[in-house]
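Take a look at the structure set out below.
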Amino acid sequence: MRRPLKFLAWSVGLVAFLFAWGYLNAHADPVVRRAEVALPDWPAREPPMRVVLLSDIHLGNSAMDARRLGRIIGQVNALKPDLVLIAGDFVAGSDHAAARVSATQLMQPLRGLRARLGTVATLGNHDERDAPDEVRLALAGAGIPLLENSATTRGPLLIGGLGDYLTGHQRIGTTLRAMQLLQGAGVIMGHSPTTAPHMPQRVALVLAGHTHCGQIVLPFYGPVLKVAPPRYMCGMVRDPGRTTIVSGGLGTSNLPLRYGAPPDLWLITLGPAAR
């Protein structure tokens with residue numbers, strides 16, 4: 001009788017340890033990943049600029065509350081970025097009522113972002129499905145412009161922002177036409193990286209999130225959360241003429257756990273291509 005009880009106790013202890021480990025991983029400060037990307041249409045005589053890419057805040061589940069978001073925003077400000085870009089999924093879960101409440105809590109911490117050229121955002125699938133109006137209001141209240149198949153400029157950078165692909169709001173052609181009306185080095189930001197390989201060759205940089213880098217990455221199996229083509233699941237991908245950067249995000253989807261895929265943000269230095 002003692003042996004089964006001992007085995008049960010060890011099993012319960014192991015499960016508790018693994019849960020605590022994943023929970024702490026999900027609540028850790030994001031890893032700062034760094035990249036330098038040369039853009040061929042960077043305006044002459046413009047100095048490089050520092051851009052922070054954030055995604056997948058997922059405010060509202062036990063891995064992200066306003067207090068943790070405020071701490072992360074302090075971490076972002078300490079990097080002294082010229083510009084902050086947020087690639088969607090501001091709220092968590094699929095509970096519409098809870099998501100609407102979470103959206104109202106976004107405004108105050110997001111107001112704390114400090115970047116010389118401000119912050120620009122796009123929406124994600126959770127935003128569009130669960131609380132689109134509330135997220136839009138929160139971003140407007142925080143002074144953050146929202147790009148939905150439209151474009152804007154910040155310094156030498158021309159930013160095209162896609163609508164969310166997963167909920168059928170993405171319009172690549174509309175976004176590219178909006179970009180053609182403006183001047184600057186072109187970058188496209190959208191929530192999902194799925195369409196990155198289908199971008200025209202003149203798009204030199206694509207920024208995205210959504211994948212959480214798999215969120216739970218198991219030995220010999222790989223990522224449990226498989227929501228994009230394997231090549232575009234995580235990190236920086238170099239294709240001929242184009243770079244894609246996929247953030248692992250700040251929060252979590254469903255379970256508040258992470259294994260082998262820590263929360264992250266990207267500090268990207270953009271500048272001219274070598275002549």
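For reference, positions follow the sequence shown, starting with 1.
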With a 4.5 Å heavy-atom cut-off, do [X] and [Y] have their side chains touching?
X    : Y    : value
P30  : I72  : yes
L265 : L79  : yes
L270 : L205 : yes
D130 : V135 : no
L207 : W266 : no
V237 : V206 : no
I86  : L113 : yes
I216 : L225 : no

* Which pairs, with at least one residue in residues 175-217 and sequence neighbours excluded, count as a ring-ring contact (aromatic ring centres under 6.0 Å, His included)? -> H58-H212, H191-H210
* To do: Among residues two or more places apart or on two chains, list those pairs meeting ring-ring contact (aromatic ring centres under 6.0 Å, His included) that have a residue in residues 216-244.
  => none
* Asked: Among pairs that include at least one residue of residues 106-221, which meet disulfide (SG to SG under 2.5 Å), considering only residues two or more places apart or in two chains?
  -> C213-C234
* Asked: disulfide (SG to SG under 2.5 Å): which pairs involve residues 126-163, sequence neighbours left out?
  -> none
Side-chain donor or acceptor of [X] paired with backbone N/O of [Y] under 3.5 Å:
X    : Y    : answer
D56  : G209 : no
R50  : L267 : no
Q215 : L257 : yes
T104 : V101 : yes
D127 : D89  : yes
R68  : A28  : yes
R67  : M64  : no

For [X], check side chain to side chain contact (heavy atoms under 4.5 Å, CB included) against everything at least two apart and list the hits.
X    : result
P156 : W42, P43, E46, M49
S55  : A87, S247
A228 : P193, T194, T211, M233

Could you give the side-chain donor-acceptor pairs of residues 248-256 under 3.5 Å, partners two or more places apart or in another chain?
residue: T252; atom: OG1; partner: N61; partner atom: ND2; Å: 3.3
residue: T252; atom: OG1; partner: L255; partner atom: O; Å: 3.3

* To do: Test T175 against every option in L162, L147, I159, V203 by the side chain to side chain contact (heavy atoms under 4.5 Å, CB included) rule and name the one that passes.
  => L162
* Those residues that, when tested against R238, pass side-chain hydrogen bond (donor to acceptor under 3.5 Å, both in side chains) (two or more places apart) -> T243
* Which residue pairs satisfy the salt bridge (charged side-chain N to carboxylate O under 4.0 Å, His left out) criterion with at least one member in residues 142-158, sequence neighbours excluded? -> R136-E148
* Sequence neighbours excluded, every pair satisfying salt bridge (charged side-chain N to carboxylate O under 4.0 Å, His left out) that has a member inside residues 106-120 -> D82-R116
Take atom [atom1] in [X]; do more than 12 heavy atoms of anything else shown fall under 6.0 Å from it?
X    : atom1 : result
R231 : CZ    : yes
K80  : NZ    : no
Q75  : CD    : yes

* To do: For Q201 and P240, work out which heavy atoms get closest and say how close.
  => NE2-O, 4.5 Å
* Structure fact -> H169 meets the ring-ring contact (aromatic ring centres under 6.0 Å, His included) criterion, sequence neighbours left out, with none
* Can you list the steps and then say if E134 with V91 is a side chain to side chain contact (heavy atoms under 4.5 Å, CB included)? -> CA-CA 10 Å; E134 289 79 6; V91 293; over 6 Å; no
